[in-house]
Amino acid sequence: MVFMTEPVAYHKTALSDLQGAWSGLRSVIVENFGFSGADKLLFHVDEAMSWECVRNLKLMQETFLLVQNISVQTKAPEEIIEMVDVVRSSLDDVFSAIKEGEKL
């Protein structure tokens with residue numbers, strides 16, 4: 001019987017950076033929870049990180065727009081706005097990598 005072993009090296013991709021950006025945004029929201037709209041923002045961030053959105057990046061992009069709009073409209077703390085920008089940049093990198101034919 002053959003057992004699969006865990007790889008010892010991982011190839012960092014634009015998707016792994018995007019996952020980290022979403023996780024960072026979620027952490028900052030939780031740390032600053034209590035501002036108006038924090039619950040809606042956290043809900044949509046969790047939705048963007050869901051399996052459905054990961055498998056359908058266009059849906060993730062649409063969900064990101066909701067997150068961005070809610071963070072601006074609710075006047076979220078500056079740390080959150082900065083992390084939203086990080087997510088936007090990471091999402092742009094993923095779409096650029098796809099366009100260039102990189103294996104994600």
Side-chain angles (χ1 to χ4, degrees):
M1 179 185 270
V2 177
F3 291 98
M4 298 296 293
T5 59
E6 182 178 4
V8 292
Y10 291 92
H11 178 68
K12 186 176 178 182
T13 66
L15 280 177
S16 63
D17 289 345
L18 179 59
Q19 179 185 21
W22 279 115
S23 294
L25 175 57
R26 189 182 195 290
S27 294
V28 170
I29 293 168
V30 170
E31 289 170 9
N32 290 279
F33 203 82
F35 63 93
S36 175
D39 55 340
K40 289 192 297 186
L41 197 54
L42 190 58
F43 172 81
H44 290 295
V45 166
D46 284 343
E47 184 174 336
M49 295 172 68
S50 73
W51 185 242
E52 288 177 350
C53 284
V54 171
R55 291 190 53 119
N56 181 350
L57 292 174
K58 287 302 252 181
L59 181 58
M60 181 185 285
Q61 191 174 38
E62 293 170 9
T63 306
F64 170 76
L65 291 175
L66 283 173
V67 168
Q68 184 178 22
N69 289 339
I70 292 169
S71 64
V72 170
Q73 292 170 359
T74 61
K75 297 181 178 141
E78 187 62 32
E79 293 171 286
I80 293 172
I81 301 295
E82 290 172 5
M83 282 305 299
V84 167
D85 288 340
V86 170
V87 173
R88 179 190 315 110
S89 177
S90 293
L91 195 54
D92 289 345
D93 289 347
V94 166
F95 282 106
S96 292
I98 290 170
K99 188 175 180 180
E100 293 172 11
E102 285 184 33
K103 186 174 179 179
L104 300 174

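All of these numbers come straight from a predicted model, not from anything done at the bench.
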Go through the structure and list residues passing side chain to side chain donor-acceptor pair (under 3.5 Å) with E79, not counting sequence neighbours. N32
What side-chain donor-acceptor pairs closer than 3.5 Å can you find for residues 82-98, not counting sequence neighbours?
{"residue": "D85", "atom": "OD1", "partner": "R88", "partner atom": "NH1", "Å": "3.0"}
{"residue": "D85", "atom": "OD1", "partner": "R88", "partner atom": "NH2", "Å": "3.1"}
{"residue": "S90", "atom": "OG", "partner": "V86", "partner atom": "O", "Å": "3.2"}
{"residue": "S96", "atom": "OG", "partner": "D92", "partner atom": "O", "Å": "3.1"}

Rounded to the nearest 0.5 angstrom, the CD1-NE2 distance for I70 and H44 is 4.0 Å
Looking only at non-hydrogen atoms, find the nearest pair between I81 and S71 and report the distance. CD1-O, 3.6 Å
CG on L42 to CD1 on I80, rounded to 0.5 Å: 9.5 Å
Taking V72 as the starting point, is it possible to reach L41 by hopping between hydrophobic residues whose side chains are less than 4.5 Å apart? no
Could you check M60 against L18 for side chain to side chain contact (heavy atoms under 4.5 Å, CB included), going step by step and ending with a plain yes or no? CA-CA 11 Å; M60 181 185 285; L18 179 59; 3.5 Å; yes
Closest heavy-atom contact between C53 and T63? SG-OG1, 3.8 Å
Is it the case that one hydrophobic cluster holds both V54 and F43, taking links as side-chain heavy atoms less than 4.5 Å apart, direct or via other members? no
Measuring from atom CG of N56 to atom CH2 of W51, what distance do you get when rounded to the nearest 0.5 angstrom? 12.0 Å
Under 4.5 Å between side-chain heavy atoms, counting indirect links through other Ile/Leu/Val/Met/Phe/Trp/Tyr residues: same cluster for L59 and L15 or not? no
Nearest 0.5 Å, what's the CD1-NZ distance between I29 and K40? 13.0 Å
